Number of protein chains: 2
Amino acid sequence: MARTRGSVGAETEKAIRKAAVELIAKHGFEAMTLRDLAEHVGLQPGSIYRYIATKDQLLVDIMAEHMETLIAAWRAADRPDADPRLRLEGFVDFHIRYHFQRQKEVVIANLELRSLTPDARRACVALRKTYESELRGILEAGIVQGFFTPTDSGIATNAIISMLTGVCFWYSPKGKLSADDIIAIHKRLVLGGLSGTPRGEAKIIPLAAGRN
Amino acid sequence: MARTRGSVGAETEKAIRKAAVELIAKHGFEAMTLRDLAEHVGLQPGSIYRYIATKDQLLVDIMAEHMETLIAAWRAADRPDADPRLRLEGFVDFHIRYHFQRQKEVVIANLELRSLTPDARRACVALRKTYESELRGILEAGIVQGFFTPTDSGIATNAIISMLTGVCFWYSPKGKLSADDIIAIHKRLVLGGLSGTPRGEAKIIPLAAGRN
DNA sequence: TTTAGAAACAAACGCTTGTTTGTTTAATGC
DNA sequence: GCATTAAACAAACAAGCGTTTGTTTCTAAA
């Protein structure tokens with residue numbers, strides 16, 4: 001054989017991407033063979049090279065595209081002028097919901113940084129930092145306005161991101177709890193952790209208006 | 001050459017372990033070659049097989065040993081009859097401090113589960129669950145005794161573990177904050193998140209006695 | 001001092017990997 | 001209907017992989 005009947009390049013490219021995401025998330029980038037990938041798409045190994053420059057570049061494309069759409073999606077959802085507590089709830093909601101939808105990409109973005117070339121790694125780490133600084137901005141605004149207990153915003157950002165991203169690794173849609181349930185629990189953990197006063201005296205600042 | 005002057009088996013074995021932990025944590029298990037490992041120890045590739053049965057088994061040994069000593073160390077540190085809030089603070093303290101000491105092993109234990117054979121993976125996942133259930137026990141005790149806001153203890157356990165383990169991935173001893181600082185911040189985040197009442201009414205239960 | 005065993009080397013094994021090359025077939029514009 | 005291009009195949013490439021084998025050198029007990 002040669003060219004398959006009905007084959008279209010754009011569709012093949014998408015199929016390769018999808019299969020690659022699946023295989024990398026499942027077995028890891030190094031463990032995924034191009035022969036394995038080709039078989040899942042129904043191609044011969046060499047044919048993949050119509051659509052990718054190199055195996056390394058395939059990973060770079062997947063990771064960079066994921067990070068960029070993540071940042072863009074958040075910026076579209078955020079309301080930078082709102083109450084920091086509302087923004088923070090919104091961030092928790094957005095992060096978990098988005099990550100449920102792209103669980104595999106998230107796993108890849110978090111586990112395969114070390115499989116990238118130094119240059120590509122730097123670029124992806126920078127994108128990650130960009131996303132994290134969005135959360136950090138919320139925390140600092142909340143601290144300045146007196147809603148959150150003063151703390152090191154960098155550490156708190158890392159801690160919260162770790163917690164929220166961890167969801168992707170253990171969440172299963174088949175569990176007894178819905179996504180909404182899990183989001184609600186995490187909202188309470190995060191907001192409580194920032195405004196909490198675990199040792200006695202409480203400083204409660206009531207929330208002004210009341211959407212959400 | 002053949003046998004090196006002054007070579008002792010026990011020392012070589014430790015050197016192999018150490019180098020393996022370093023290389024796996026840095027590049028991933030699949031990306032680490034036995035040739036690379038041998039070179040770091042100063043051996044020929046084949047000589048490694050005096051000390052390991054197979055490459056897969058090397059990973060199993062590293063992971064299982066780490067999980068077992070982790071569980072044992074925690075059980076030695078825990079005081080099961082103490083106030084759940086104190087136990088929880090103790091857990092945060094222990095977990096972060098222990099994980100700082102064994103940063104590389106922790107990275108491996110968290111990233112390389114998928115590189116294990118199904119049997120080995122099941123065993124390691126079971127060990128992980130054992131450790132997590134220790135934290136879960138504290139949360140449930142705290143909820144029953146009215147110290148923590150009722151919530152799904154399984155989800156909360158996962159969330160807290162994710163947050164605390166995440167430290168290993170971004171912490172550097174060269175940072176401006178000491179381990180103690182970071183631990184303090186995380187204690188507040190965790191305890192505040194569990195006892196926090198982010199929406200208005202506060203329910204504060206003063207802590208009884210006062211060690212720690 | 002001799003000898004048994006421990007610790008390493010040197011060299012190769014079969015296999016798999018990412019990738020390249022040349023060819024063949026299907027779709028498409030003139 | 002024909003030429004061109006797109007999309008795939010088939011086959012091989014060199015390099016690298018985990019692993020095995022047989023041998024050599026050092027150590028330590030007799």
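The sequence lines fix the lettering, A, B, ..., with proteins before strands; numbering per chain opens at 1. Values in this document were obtained by computation on a predicted structure and should not be read as measured data.
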5' to 3', nucleotides 14-19 of chain D under a 4.0 Å protein heavy-atom cut-off (B base, S sugar-phosphate only, - none) gives ---BBB
Check Glu134(A) with Arg75(A), please: is the shortest side-chain N to carboxylate O separation under 4.0 Å?
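Answer for the salt bridge query: yes.
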I'd like to know if Glu140(A) and Arg136(A) make a salt bridge, using a cut-off of under 4.0 Å between side-chain N and carboxylate O.
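Counted as a salt bridge, because a side-chain N and a carboxylate O are separated by less than 4.0 Å.
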Could you tell me how far apart [X] ([atom1]) and [N] ([atom2]) are, to the nearest whole angstrom?
X: Ile24(A); N: dG18(C); atom1: CD1; atom2: P; value: 11 Å
X: Leu43(B); N: dA10(C); atom1: CG; atom2: P; value: 12 Å
X: Gln44(B); N: dG22(D); atom1: CD; atom2: P; value: 19 Å
X: Glu11(B); N: dT27(D); atom1: CD; atom2: P; value: 12 Å
X: Lys14(B); N: dA7(C); atom1: NZ; atom2: P; value: 14 Å
X: Glu39(A); N: dT16(C); atom1: CD; atom2: C1'; value: 14 Å

Below 4.0 Å: OP1/OP2 of dA7(D) and any side-chain N or O of Ser47(A):
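The answer is no; no side-chain N or O of Ser47(A) sits under 4.0 Å from OP1 or OP2.
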For dA7(C) and Thr12(B) - does any side-chain N or O of the residue sit under 4.0 Å from the phosphate oxygens OP1/OP2?
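No, Thr12(B) has no side-chain N/O under 4.0 Å of OP1/OP2 on dA7(C).
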In chain order, what residues pass the ring-ring contact (aromatic ring centres under 6.0 Å, His included) check against [X], with sequence neighbours excluded?
X: Phe29(B); value: none
X: Tyr98(B); value: Phe94(B)
X: His66(B); value: none
X: His186(A); value: none

Which pairs pass ring pair (Phe, Tyr, Trp, His ring centres under 6.0 Å) with one or both residues in residues 149-172 of chain A, sequence neighbours excluded?
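Output for this query lists Phe100(A)-Tyr171(A).
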Any salt bridge (charged side-chain N to carboxylate O under 4.0 Å, His left out) involving residues 110-119 of chain B? Give me the pairs, sequence neighbours left out, ordered by first then second residue.
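The answer is Glu112(A)-Arg114(B), Arg114(A)-Glu112(B), Asp119(B)-Arg122(B).
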Using the side chain to side chain donor-acceptor pair (under 3.5 Å) criterion, which residues pair with Glu105(A)? Sequence neighbours excluded.
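Expected list: none.
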Close N or O pairs between protein and nucleotides 4-6 of chain D (under 3.5 Å):
unit_1, atom_1, unit_2, atom_2, d
dA6(D), N3, Arg3(A), NH1, 3.1

